[in-house]
Amino acid sequence: MGNDGFESGSVTLNSLLEEQRALNMRMLLAVQLRDLAAQETLQQELEELAGEIERFLAGRH
């Protein structure tokens with residue numbers, strides 16, 4: 001039963017990290033296109049997601 005909690009937690013962490021990778025790829029495209037508005041929006045989303053990841057990891061310790 002202990003593994004069930006760990007596995008469901010790692011899936012959540014994996015989904016957060018996958019979302020972060022997708023946002024990073026969108027940011028790269030926005031930089032290449034010199035789309036400052038998109039860069040600002042994506043930067044805010046990345047910062048919020050980083051906070052979610054930190055809270056998730058803090059809750060596991």
Does a side-chain N-to-carboxylate-O contact under 4.0 Å join Arg21 and Glu18?
yes

What's the shortest heavy-atom distance between Leu13 and Ile53, and which atoms?
CD1-CG2, 4.3 Å

Common cluster, Leu49/Leu57, ILVMFWY with side-chain heavy-atom separation under 4.5 Å
yes

Going by heavy atoms in the side chains, are Asn24 and Gln20 under 4.5 Å from each other?
yes

If you look at every heavy atom in Val31 and Gln39, which pair is closest and at what distance?
CA-NE2, 3.5 Å

What's the separation between atom OG in Ser15 and atom CD in Glu52, rounded to the nearest 0.5 Å?
9.5 Å

Looking only at heavy atoms, which two atoms of Glu45 and Leu23 are closest? And how far apart?
OE1-CD2, 3.2 Å

Closest non-hydrogen contact found for Met27 with Leu46 is CE-CD1, 4.2 Å

Test of understanding: clusters of I, L, V, M, F, W, Y form through side-chain heavy atoms closer than 4.5 Å, transitively. Do Leu29 and Leu42 belong to the same one?
no

Answer yes if the side chains of Glu47 and Gln43 hold a donor-acceptor pair under 3.5 Å, and no otherwise.
yes

